[in-house]
Structures are given as structure tokens and as C-alpha cells.
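Accompanying notes for the structure given below.
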2 protein chains.
Amino acid sequence: MGKGEHTRQAILDEAFSLASCVGVSGLSIGILAERTKMSKSGLFAHFGSKEELQLAVLREAQQRFAEVVLRPAFRQPRGLRRLRAVVVNWLDWTREANLPGGCVINAAAAEFDDQPGPLRDEVRRGLTALRRSLVETVVKAVVAGDLRPDTDAEQFAFEMEGIYQVTQQSRRLLNDPDADRRALVAFDRLVRDYAVPIEKE
Amino acid sequence: MGKGEHTRQAILDEAFSLASCVGVSGLSIGILAERTKMSKSGLFAHFGSKEELQLAVLREAQQRFAEVVLRPAFRQPRGLRRLRAVVVNWLDWTREANLPGGCVINAAAAEFDDQPGPLRDEVRRGLTALRRSLVETVVKAVVAGDLRPDTDAEQFAFEMEGIYQVTQQSRRLLNDPDADRRALVAFDRLVRDYAVPIEKE
DNA sequence: GACACAAACGAACGATCGTTCTATAAATGC
DNA sequence: GCATTTATAGAACGATCGTTCGTTTGTGTC
């Protein structure tokens with residue numbers, strides 16, 4: 001990795017954790033330059049525009065999410081084991097990644113959901129991909145025989161996302177110490193309702 | 001209502017729908033003055049500071065939420081009827097209130113969840129009150145005999161909020177036309193799991 | 001050591017930000 | 001209808017915003 005690439009990554013690291021606190025639209029080149037001990041113009045040159053910097057942060061977030069949440073989970077065997085691994089990693093990922101201020105992507109989703117442009121498009125792309133991964137994981141759990149054949153995988157993924165979101169909010173805003181436990185309770189209920197009934201022996 | 005109070009409310013209306021699009025922290029006095037055809041200083045005088053304006057918007061949002069969602073639902077008899085009315089009104093409230101850009105409170109929750117200060121406190125207050133209302137409604141459904149006596153009302157409310165949040169995101173960002181239907185499916189599953197079993201006759 | 005190229009800097013730009021001040025216009029009370 | 005309070009306007013402030021420009025520093029190559 002050349003020197004340019006190296007500092008660019010350093011800037012991105014800082015921007016990533018800063019965006020976690022103030023949001024992607026709250027990013028400021030001046031403050032970012034201060035934190036990285038660079039000049040505004042020197043930092044700016046790496047991206048060409050603020051929007052490009054913001055896009056880079058969003059892409060960085062997606063990449064880290066795939067690495068920290070999805071990849072390890074996909075090392076589990078298909079089925080319920082893997083599905084549960086996704087949930088556990090997911091709930092943990094704001095701690096795992098350097099996200100002092102909560103999930104960047106989810107925050108960005110609320111920021112940009114009605115402001116057309118490249119940023120909204122990027123967020124949308126990321127969340128669509130996530131949804132697809134979830135659905136795929138559920139479908140495989142059905143194929144593996146862990147969930148009932150008539151399981152609505154889209155519905156299942158939809159509800160998983162809901163659990164994640166309310167957990168984040170409860171943890172961060174309401175300081176609810178039971179948030180994670182409640183998330184798992186909700187997930188277990190979800191699984192129970194769609195699980196294949198245990199056969200009597 | 002004196003003239004001062006009247007224009008203040010007009011400003012607040014505009015700020016409310018603007019914040020729905022750009023977020024509470026994205027509000028700008030200049031733009032707001034432009035939209036209300038006032039001078040910046042004239043508008044400013046009604047609030048004394050930007051933060052006070054933002055707080056007023058958050059309080060306005062809470063008040064409208066209570067009027068549009070909770071109050072009508074509480075005219076239903078206690079129990080499942082009322083609980084369902086809350087859900088239906090809730091899903092509809094961004095259309096009902098003047099919220100072209102989605103729920104202000106939820107967006108603010110993501111914006112301020114790790115930025116200590118009066119704004120975060122206000123959001124927190126609002127969401128805590130909401131959670132309490134939900135729990136109370138669930139408890140009354142238990143007392144009314146619609147839900148099982150061992151129902152964990154906090155858990156129930158927790159999951160309801162999750163359903164709401166993912167529905168908003170699916171609707172606004174992913175343009176999912178099935179979002180509302182999925183929300184009701186999820187809610188029905190929630191009710192079914194906690195409902196008192198139908199007695200055999 | 002001369003050269004080419006990339007990386008970072010420093011100064012400045014115009015625009016917008018929230019805020020303050022003073023003065024005028026409008027509404028209110030008697 | 002006058003006096004007083006209230007509401008709005010206008011101009012300006014310092015700060016910060018993203019961005020541009022020309023220059024300097026650093027790195028690697030023949």
C-alpha cells in the first residue's frame with residue numbers, strides 16, 4: 001500500500017468513528033483535518049469533494065459490516081446455527097467495530113431516507129444487500145430443515161431488522177440494560193413460530 | 001391567541017415539516033426564514049436560540065403524536081381493540097401528520113443518541129413516555145383478559161417498537177410496498193403468541 | 001545529483017451559519 | 001388618539017463551511 005493509500009485509510013478510519021457520533025451528514029472536513037493533524041486542503045485532496053468522502057465512509061461501513069458480522073457467521077453450517085450467529089454478531093457489531101456512537105448505516109438511513117442523491121442511493125444499496133443476505137440465510141435454514149417449509153423468508157428478515165433497530169435505540173438512548181436480552185427473546189420467539197415442530201418419538 | 005403566538009406557531013409548523021426532511025439538527029434559521037417569508041432576526045426573536053427552536057420542534061412532535069396516535073386509540077375500549085388501534089394509527093401517523101420526510105422523533109433519536117445535551121434529553125423523554133404508554137396499553141389488555149396473564153408487557157412494547165421502526169425504514173428507504181402488510185403480520189404473530197388460548201366449548 | 005511525480009500545506013475565496021444590535025412598524029391598552 | 005409594549009426588519013459580526021489555487025515538501029528513478 002502506497003503512502004497515499006495509507007493516509008487515505010487513516011482519514012477514513014477517523015471519519016468512520018466520527019460519523020458514528022455526529023452522523024454522516026454531520027461530518028466536517030475542518031474537524032476531520034484537526035483530528036488527523038492534517039491541513040484541510042491536504043485531506044480534501046484525497047477525496048475531491050465532501051460527498052465523495054461521505055460515500056467512502058458509507059462503503060467502509062458496509063465492508064466492515066460484512067467482515068465483522070456476515071463473514072464469521074457464514075463459517076457456521078447452514079441453518080439455524082448460522083442464523084443465530086448472524087443475530088449475535090449483529091447485536092455485537094457496534095462494539096466490535098469502532099462505533100462509539102452507534103451504527104453508521106442505520107443512522108444514515110434515517111438521515112438520507114428522503115434526500116435524493118448518491119448518498120441515499122448508497123445507503124439503499126447497502127441495506128438492500130443486507131436484506132438479501134438475511135433472506136438468503138433464512139431460506140437456507142428452511143432448506144436445511146430447521147424452519148418450516150412454508151416460512152416467509154422476507155417476513156422473517158423484516159422482523160429480524162426490526163429487532164435490531166429497536167435494540168440499538170433501547171441501548172443507546174434509553175440505556176436499557178435488558179435490550180440485548182429482549183432482542184434474543186424476540187428472536188427466539190421468531191424462530192419458535194417458524195421452527196419445524198419436534199416430532200414425537 | 002395573540003399575534004406573536006400565532007406566527008410562532010406558523011414558524012413551528014414549517015420547522016416541523018422541514019425537520020421531517022433534513023432532520024432536527026439539519027434545521028437552519030436562514031432557510032426557515034426564507035420559507036416563512038420572514039427576516040432571520042425576526043424569526044430568531046421568537047426562540048432566542050437555535051437550540052430552543054429545535055427543542056420546540058421536538059415538543060411539537062410529541063404533542064402531535066399524542067393527538068394523532070394515542071388519543072384516538074384511547075377512545076377504544078381497553079384491551080386488544082385499543083392495542084390494535086395504536087398500531088394502526090402509529091403506522092399511519094407520518095401520513096396523518098405533516099411529515100413528508102418521515103418520523104421526526106425517530107430520526108432525532110438516531111441523530112442525538114450519543115450527543116449529550118438538552119436535545120438528547122428531550123428525545124429521551126419523549127421516547128420514554130411512548131414506551132410507557134405502550135406498556136400501559138399492553139397491561140390493560142392483560143387485565144381485560146385478552147392477553148395471557150404471564151405476558152411480559154415490556155417485552156411486548158419492545159417488539160412493537162421494532163416493528164414500527166423497520167416498517168418506516170422499509171417504506172421510506174427500500175420503497176417496499178409490502179411494509180405495512182408485513183408490520184401487521186408481525187403484530188398479529190405477537191398477539192397470537194401472547195393471546196389467551198381460545199377455550200374449547 | 002537531476003528529474004518527475006505524488007502528497008501535503010497555507011492562504012484565501014465566497015457562502016452560509018447562528019447571533020447581536022439598533023431602528024422602524026404594528027399591535028395593544030387606556 | 002395617544003402611549004406603550006410587542007413584533008419584525010435590516011445590517012453587520014465573527015465563525016465555520018466546502019472548495020480552489022499556487023507552492024513546498026517528500027519519494028522514488030534514471
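Side chains are part of it too, since the values below use all heavy atoms of this structure and drop only hydrogens, waters and symmetry mates.
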### Query
Do B:Glu159 and B:Gln155 meet the criterion of a side-chain donor-acceptor pair at a distance under 3.5 Å?
yes

### Message
Looking only at side-chain N and O atoms, does A:Ser25 offer a donor or acceptor that is under 3.5 Å from a partner on A:Glu111?
### Response
yes

When the distance from [atom1] of [X] to [atom2] of [N] is rounded to whole Å, what number comes out?
X: A:Lys50; N: D:dG18; atom1: NZ; atom2: P; result: 4 Å
X: A:Glu52; N: D:dT20; atom1: CD; atom2: P; result: 13 Å
X: B:His46; N: C:dT19; atom1: NE2; atom2: P; result: 16 Å
X: B:Ile29; N: D:dT8; atom1: CD1; atom2: P; result: 15 Å
X: B:Leu43; N: D:dG10; atom1: CG; atom2: P; result: 14 Å
X: B:Glu34; N: D:dG10; atom1: CD; atom2: P; result: 14 Å
X: B:Met38; N: D:dG10; atom1: CE; atom2: C1'; result: 13 Å
X: B:Lys37; N: D:dA9; atom1: NZ; atom2: P; result: 12 Å

Can you tell whether the side chains of [X] and [Y] come within less than 4.0 Å, N to carboxylate O?
X: A:Asp146; Y: A:Arg82; answer: no
X: B:Asp178; Y: B:Arg181; answer: yes
X: B:Asp180; Y: B:Arg95; answer: yes

Look at the side chain of [X] and decide which nucleotide, out of [options], has an atom nearest to it.
X: A:Ser49; options: D:dT19, C:dT20, D:dC17; answer: D:dT19
X: B:Ser39; options: C:dG18, C:dA8, D:dT8; answer: D:dT8
X: B:Lys3; options: D:dC17, C:dT19, C:dA26; answer: C:dA26

### Task
Using a heavy-atom cut-off of under 4.0 Å over every strand shown, decide if A:Ala45 touches base, sugar-phosphate, or nothing.
nothing

### Query
Base, sugar-phosphate, or nothing: which does A:Leu27 touch, judged by heavy atoms less than 4.0 Å apart?
sugar-phosphate

### Task
Decide yes or no, distance alone: a donor-acceptor N/O pair under 3.5 angstrom between the base of D:dA9 and the side-chain of B:Ser41.
yes

#### Entry: Base C:dG10 paired with A:Lys40 side chain (donor-acceptor, <3.5 Å)
no

### Query
D:dT8 phosphate, OP1 or OP2: any side-chain N/O from B:Thr7 under 4.0 angstrom?
yes

